[in-house]
Amino acid sequence: QVEVVESGGGSVQAGGSLTLACTASGNMWSIDHMGWYRQIPGSQREFVAEISTKDIPRNGVRNYADNVRGRFTISRDLSVNTIWLQMDSLKPEDTAVYYCAAGRIYGLEHRPRYNTWGQGTRVTVSS
C-alpha cells in the first residue's frame, strides 16, 4: 500500500507561479507512475500531468494535459519518492483543488490506473 501527501499550493495572481510537491511512502514497488489531477467544485476531476517512477515500462516519461502543456512542468526525485508540479503563467481557470495520485500500468494498457490519492491542496489564481 502506498500513501501520498501533497504540499504547496496557495493563492497567486494571474501570470504568477506556484510549485506543488507530493511525497509517497509505503510499498513503492507497487506503483510505476505518479501524477496530478485537479477538480473544480461541481466538475469532474481532470488529468493534469503524470510521470513514470520506474525505468520499466516507461523511464521518465511525462504526459501533460493539453491545457497545461508548456506552462506546467512535472519532475521527480526518486531518491526521496517525491514529484513536483511547477506551474508557471497561471490563469484563473487553473483555480482548483489539486490532487496527487499514485498508480501503475497493468499489462499492455497505455495509461496507468491511479488508486491512491492525496487529500488535495488548493490553488487559487486571481485575475
Side-chain angles (χ1 to χ4, degrees):
Q1 187 70 15
V2 171
E3 295 185 352
V4 295
V5 178
E6 305 103 336
S7 61
S11 298
V12 67
Q13 289 194 327
S17 299
L18 283 173
T19 301
L20 307 180
C22 175
T23 299
S25 61
N27 183 10
M28 297 300 295
W29 290 104
S30 66
I31 66 169
D32 56 35
H33 282 77
M34 292 178 68
W36 293 95
Y37 281 69
R38 67 187 183 186
Q39 188 168 23
I40 302 168
S43 300
Q44 286 191 334
R45 195 170 294 187
E46 68 171 6
F47 170 74
V48 176
E50 67 188 4
I51 188 168
S52 67
T53 58
K54 284 191 172 59
D55 294 339
I56 298 173
R58 301 182 299 178
N59 183 21
V61 170
R62 296 165 171 81
N63 291 318
Y64 296 93
D66 288 342
N67 55 4
V68 306
R69 187 177 292 113
R71 299 187 298 122
F72 292 9
T73 303
I74 191 168
S75 60
R76 68 183 190 182
D77 184 341
L78 301 182
S79 69
V80 291
N81 297 331
T82 298
I83 65 169
W84 292 269
L85 185 68
Q86 173 68 36
M87 303 183 293
D88 298 318
S89 302
L90 282 162
K91 304 175 181 180
E93 52 263 43
D94 294 318
T95 296
V97 177
Y98 284 69
Y99 296 90
C100 179
R104 57 169 291 185
I105 288 179
Y106 290 84
L108 299 178
E109 295 178 348
H110 294 291
R111 293 290 314 284
R113 297 189 206 175
Y114 291 103
N115 48 24
T116 297
W117 297 87
Q119 294 298 308
T121 183
R122 184 173 301 276
V123 171
T124 303
V125 184
S126 58
S127 58

For this session: Find out whether the Lys NZ or Arg CZ of R104 is both under 6.0 angstrom from the six-membered ring centre of Y106 and within 45° of the ring's axis.
Result: yes
Exercise. So, R76 side chain and W84 main chain: donor-acceptor pair closer than 3.5 Å or not?
Worked result: no
Exercise. Are V97 and T121 close enough, and set up right, to give a side-chain contact (heavy atoms from CB on, under 4.5 Å), and what steps lead you there?
Worked result: CA-CA 5 Å; V97 177; T121 183; 6.0 Å; no
Problem set entry | Heavy-atom check, side chain of V125 versus side chain of Q13, under 4.5 Å | no
For this session: Check whether the side chains of T124 and T95 place a donor and an acceptor atom closer than 3.5 Å, and report yes or no.
Result: no
Exercise. Would a 4.5 Å heavy-atom cut-off, applied to side chains only, mark N63 and F47 as touching?
Worked result: yes
Problem set entry | Heavy-atom side-chain proximity of M34 to C100 below 4.5 angstrom | yes
For this session: Starting from the C-alpha separation in whole Å, work towards a yes-or-no answer on side-chain contact (heavy atoms from CB on, under 4.5 Å) for K91 and S127.
Result: CA-CA 8 Å; K91 304 175 181 180; S127 58; over 6 Å; no
Problem set entry | Y98 six-ring centre to R122 NZ/CZ under 6.0 Å and within 45° of normal | no
Exercise. Are a donor atom and an acceptor atom from the side chains of D32 and T53 found within less than 3.5 Å of each other?
Worked result: no
Exercise. What distance separates F72 CZ from M87 CE, expressed to the nearest 0.5 Å?
Worked result: 5.5 Å
Problem set entry | Reported CG-to-CZ distance for the pair N115 and R113, which is rounded to 0.5 angstrom | 9.5 Å
Problem set entry | Donor + acceptor pair across side chains of E3, S25 (<3.5 Å) | no
For this session: For R69 and D66, work out which heavy atoms get closest and say how close.
Result: NH1-OD1, 2.7 Å
Problem set entry | Residue pair T19 / L85, side-chain heavy-atom distance below 4.5 Å | no
Exercise. So, does S79 use its side chain to make a donor-acceptor pair with the main chain of D77 at under 3.5 Å?
Worked result: no
Exercise. Can you tell me if R71 uses its side chain to pair, donor with acceptor, with the backbone of N67 under 3.5 Å?
Worked result: yes
Exercise. Given the rule that I, L, V, M, F, W and Y join up when any side-chain heavy atoms are under 4.5 Å apart, are V68 and Y37 in one cluster?
Worked result: no
Exercise. More than 12 foreign heavy atoms under 6.0 Å from CD of Q1: is that the case here?
Worked result: no
Problem set entry | Inter-residue atom distance W36.CH2 - I74.CD1, 0.5 Å rounding | 8.0 Å
Problem set entry | L20 with V12, same ILVMFWY side-chain cluster at under 4.5 Å | yes
For this session: Rounded to the nearest 0.5 Å, what's the gap from NE2 on H33 to CD1 on I83? Could you check?
Result: 11.0 Å
Exercise. So do R45 and W117 actually touch side chain to side chain, heavy atoms under 4.5 Å?
Worked result: yes
Problem set entry | Heavy-atom side-chain proximity of V5 to C22 below 4.5 angstrom | no
For this session: Search all heavy atoms of S17 against all heavy atoms of Q86 and return the closest pair with its distance.
Result: CB-NE2, 3.8 Å
For this session: Let me see the working for E50 and Y64 under side-chain contact (heavy atoms from CB on, under 4.5 Å), right down to the final yes or no.
Result: CA-CA 7 Å; E50 67 188 4; Y64 296 93; over 6 Å; no
Problem set entry | E93 to I40 - nearest heavy-atom pair and separation | O-CD1, 4.5 Å
For this session: Return the minimal non-hydrogen interatomic distance between D94 and S89, and the atom names on each side.
Result: OD2-O, 4.4 Å
Exercise. Is the number of heavy atoms from other residues, nucleotides or ligands within 6.0 Å of CD (Q39) greater than 12?
Worked result: yes
For this session: Would you check, one step at a time, whether the test side-chain contact (heavy atoms from CB on, under 4.5 Å) holds for V4 with T23?
Result: CA-CA 6 Å; V4 295; T23 299; over 6 Å; no
Exercise. Judged by modelled atom types alone, do Y99 and Q119 share a side-chain donor-acceptor pair under 3.5 Å?
Worked result: no
